[in-house]
Amino acid sequence: MTDVLRSRRLTGLSFQLRPVSEDDAEYIVNLRSADSQKQKYLNPISPDVEAQRAWLQKQSQVEGDYYFLVQDRFTQQNVGLIGLYDISEGRGEWGRWIIEDGSLAAIESVNLLMSFGFHDLGLAEIYCRTVSENTSVVKFHDGYAQRRAAAAPNTVELRGETFELVEHVLTKEEYVETTAAKWGSFCQNIFNRRLQAELGVFEFHHIGIAAKSIDAAAAGYRLVGYADEARFTDPGQGVHGLFMTAKSQPRIELLENMDGSKTLDSWLSHSVTPYHFAYYVKDIETAMSTMGRLGIRPITPVKKSVYFQTPIVFMVMPNRFIVELIEISE
């Protein structure tokens, strides 16, 4: 096991997993003791925070044991726990799974863990053993292409009571061919709804395209149905621009440098001409704050657009693509 994998942070759309640390002992104790119904089906832990801290210190040295805190990327709050452990001969067990009530982290936390197990650790099979009476979790496993298998052992004793276990197994082939896409689509829908709720307005406006010559570029786009919408010059950005529209096609904004400007040189030198998507937002400061929590950072100051006559800002995504935010006028 490498230190790199032990310290790996798994980032999704709405949620991320980060390795637990000894400093998380109090959170873990509080979460696992907060709901007596959930606690009933979990292996008991000591309510003593220092005892949990000691266990975490010991766990961090165990080969093939990965324990993660689930965090909400929008709120930056901890919302649950999940683990992958007992890894041997290409198989691993996942569990220690508990998500706070009201959080939508369930599917994305599992999807992140499965992707880590199959793609980063190279596992061929991941299984989970659930107390049969824990019907909501059993139903979750049944509903997402995780086939049942005979659990070994097939019972567990918790707090003096014996429960039957249900084992669900997911292979890498099943995950890659079916489950990953299903979970990914669900997570994308959750993210889209949350982003819309956070921003109030997030409406696509145009694709920005860097050009050495607006007129030369426009001639090509006219051959696929585009027509001029509006021309402008923005000295603050150092560009001349032309908006073009076409039926059933996205609005485009062709941009060229003003004399003496180098605004677009970086993209032109790398032949990256479609270089940003632009969106209307209700409040640009709120949008910047939300996107900042998602790892999207500003690369220009907020400034007033000559064309829109409202504040705009350019931000770079983790994949280095640019988004422009345009504050919608009232």
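Numbering starts at 1 and runs along the sequence shown.
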### Task
Determine, stepwise, if the pair Tyr175 / Thr171 fulfils side chain to side chain contact (heavy atoms under 4.5 Å, CB included).
CA-CA 6 Å; Tyr175 175 75; Thr171 67; over 6 Å; no

#### Entry: Atom pair CG (Asn111) and OG (Ser115), whose distance is rounded to the nearest 0.5 Å
6.5 Å

### Query
Does any non-hydrogen side-chain atom of Cys187 lie less than 4.5 Å from one of Ile107?
yes

### Message
Can you tell me how far apart CD1 (Ile328) and CZ (Phe308) are? Round to the nearest 0.5 Å.
### Response
10.5 Å

### Message
Main chain of Pro19, side chain of Arg9: is a donor-acceptor contact present, judged purely on distance under 3.5 Å?
### Response
no

### Task
Considering non-hydrogen atoms only, spot the tightest contact between Val166 and Ser132 and give its length.
CG2-CB, 3.8 Å

### Task
Kindly work out whether a path of hydrophobic side-chain contacts (I/L/V/M/F/W/Y, heavy atoms less than 4.5 Å apart) joins Trp55 to Ile28.
yes

### Query
Are Glu285 and Val302 side-chain neighbours, meaning at least one heavy-atom pair lies under 4.5 Å?
yes

### Task
Report the distance from atom OH of Tyr66 to atom OG of Ser7, rounding to the nearest 0.5 Å.
10.0 Å

### Query
Is a side-chain donor or acceptor of Ser305 paired with a backbone partner of Ile312 at a separation under 3.5 angstrom?
no

#### Entry: Under 3.5 Å donor-acceptor, Arg297 side chain and Met317 backbone
no

### Query
So, does Gln249 use its side chain to make a donor-acceptor pair with the main chain of Val224 at under 3.5 Å?
yes

### Task
Treat each ILVMFWY residue as a node, draw an edge where side-chain heavy atoms are under 4.5 Å apart, and state whether Ile207 and Val239 are in one component.
no

### Query
Do Ile252 and Tyr280 belong together in a cluster built from hydrophobic side chains that touch within less than 4.5 Å?
no

### Task
Flag yes if Leu223 and Leu254 sit in one hydrophobic cluster, no otherwise; membership is Ile, Leu, Val, Met, Phe, Trp, Tyr, and two members link when side-chain heavy atoms are under 4.5 Å apart.
no

### Query
From Glu198 CD over to Thr75 OG1, what is the distance, rounded to the nearest 0.5 angstrom?
8.5 Å

### Message
How close do Ile326 and Ala278 get, counting heavy atoms only, and between which atoms?
### Response
CD1-CB, 4.0 Å

### Message
Determine whether Asp72 and Arg194 satisfy the following criterion, salt bridge (charged side-chain N to carboxylate O under 4.0 Å, His left out), listing intermediate values before the conclusion.
### Response
CA-CA 11 Å; Asp72 189 313; Arg194 295 192 70 192; 2.8 Å; yes

#### Entry: Side-chain heavy-atom pair Met315, Leu325 within 4.5 angstrom cut-off
yes

### Residues Ser136, Asn134; criterion side chain to side chain contact (heavy atoms under 4.5 Å, CB included); working and verdict
CA-CA 6 Å; Ser136 62; Asn134 194 356; 3.7 Å; yes

### Task
Could you label the plane-to-plane angle of the Phe277 and Tyr279 rings as parallel, tilted or perpendicular, counting under 30° as parallel and over 60° as perpendicular?
perpendicular

### Message
Between Val323 and Phe314, does the side chain to side chain contact (heavy atoms under 4.5 Å, CB included) criterion hold? Intermediate values first, please.
### Response
CA-CA 6 Å; Val323 292; Phe314 288 86; over 6 Å; no

### Query
Nearest heavy-atom pair of Ala25 and Arg53: which atoms, and what distance?
CB-N, 3.7 Å

### Message
So that I know where these two stand, are Phe321 and Tyr275 an aromatic pair - ring centroids less than 6.0 Å apart?
### Response
no

### Message
I need the minimum non-hydrogen distance between Ile82 and Ser109, along with the two atoms involved.
### Response
CD1-O, 3.8 Å

### Message
Could you report the tightest heavy-atom contact between Ala246 and Gly225, atom names first, then the distance?
### Response
CB-O, 3.4 Å

### Query
Could you go step by step and tell me if His206 and His276 meet the side chain to side chain contact (heavy atoms under 4.5 Å, CB included) rule?
CA-CA 8 Å; His206 68 261; His276 78 260; 3.2 Å; yes

### Query
Judged by atom type as modelled, is there a donor-acceptor pair below 3.5 Å linking the side chain of Gln77 to the main-chain atoms of Gln71?
no

### Query
Around Glu164, counting heavy atoms of other residues, nucleotides and ligands shown, do more than 12 lie under 6.0 Å from its CD?
no

### Task
With the side chain counted from C-beta on, respond yes when Ser185 and Asn189 share a heavy-atom pair under 4.5 Å apart, and no when they do not.
yes

### Query
Think Arg96 forms a cation-pi with Tyr67, using NZ or CZ under 6.0 Å from the six-ring centre and within 45 degrees of its axis?
yes

### Query
Strictly under 6.0 Å, is that where the ring centroids of Phe186 and Phe191 end up?
no

### Query
Should the heavy atoms of other residues, nucleotides or ligands under 6.0 Å from CG of Asp259 be counted, would the total exceed 12?
no

### Summary
From the list Ile214, Asp228, Ile209, side chain to side chain contact (heavy atoms under 4.5 Å, CB included) with Met244 holds only for Asp228

### Query
Can you tell if the side chain of Phe163 reaches within under 4.5 Å of the side chain of Thr155, non-hydrogen atoms only?
no

### Message
Keeping Ser289 on the side-chain end and Thr286 on the backbone end, is there a donor-acceptor pair under 3.5 Å?
### Response
no

### Query
Parallel, tilted or perpendicular: which fits the ring planes of Trp97 and His141, with parallel below 30° and perpendicular above 60°?
tilted

### Message
Quick one: does any side-chain atom of Thr263 pair with a main-chain N or O of Gln237 as donor and acceptor, under 3.5 Å?
### Response
yes

### Query
Checking Glu108 side chain against Ser14 main chain: does a donor-acceptor pair fall under 3.5 Å?
yes

#### Entry: Contact summary for Val70 and Leu81, nearest pair of heavy atoms
CG2-N, 3.8 Å

### Task
Anything under 30° is parallel, anything over 60° is perpendicular, the rest tilted; go ahead and classify Phe232 against Tyr307.
tilted

### Task
Working to the nearest 0.5 Å, report the span between CD of Glu167 and SG of Cys128.
9.0 Å

### Message
Whether the Asn257 and His240 side chains hold a donor-acceptor pair (N or O, under 3.5 Å, no angle test) is what I'd like checked.
### Response
no

#### Entry: Spacing of Thr273 atom OG1 and Lys212 atom NZ [to the nearest 0.5 Å]
11.0 Å

### Message
Whether the Asn192 and Gln188 side chains hold a donor-acceptor pair (N or O, under 3.5 Å, no angle test) is what I'd like checked.
### Response
yes

Extract all donor-acceptor atom pairs below 3.5 Å that involve side chains of residues 116-127 and protein atoms in other chains or at least two apart in sequence.
unit_1: Asp120; atom_1: OD1; unit_2: Arg8; atom_2: NH1; d: 2.9
unit_1: Glu125; atom_1: OE2; unit_2: Arg91; atom_2: NE; d: 2.6
unit_1: Glu125; atom_1: OE2; unit_2: Arg91; atom_2: NH2; d: 3.1

### Query
For the side chain of Gln309 and the backbone of Val306, is there at least one donor-acceptor N/O pair under 3.5 Å apart?
yes

#### Entry: Note, Gln52 side chain near Asp24 side chain (heavy atom, < 4.5 Å)
no

### Task
Is it possible for you to say whether Leu17 and Leu294 belong to one hydrophobic cluster, with membership spreading through side-chain heavy-atom contacts below 4.5 Å?
no

### Message
Less than 6.0 angstrom separating the ring centers of Phe243 and His205, yes or no?
### Response
yes

### Message
Contact between Lys303 and Pro311 at the side-chain level, heavy atoms closer than 4.5 Å - yes or no?
### Response
no

### Query
Ser269 side chain to Asp265 main-chain N or O, any donor-acceptor pair under 3.5 Å?
yes

### Query
Taking side chain as C-beta onward, heavy atoms only, is Gln196 less than 4.5 Å from Leu199?
no

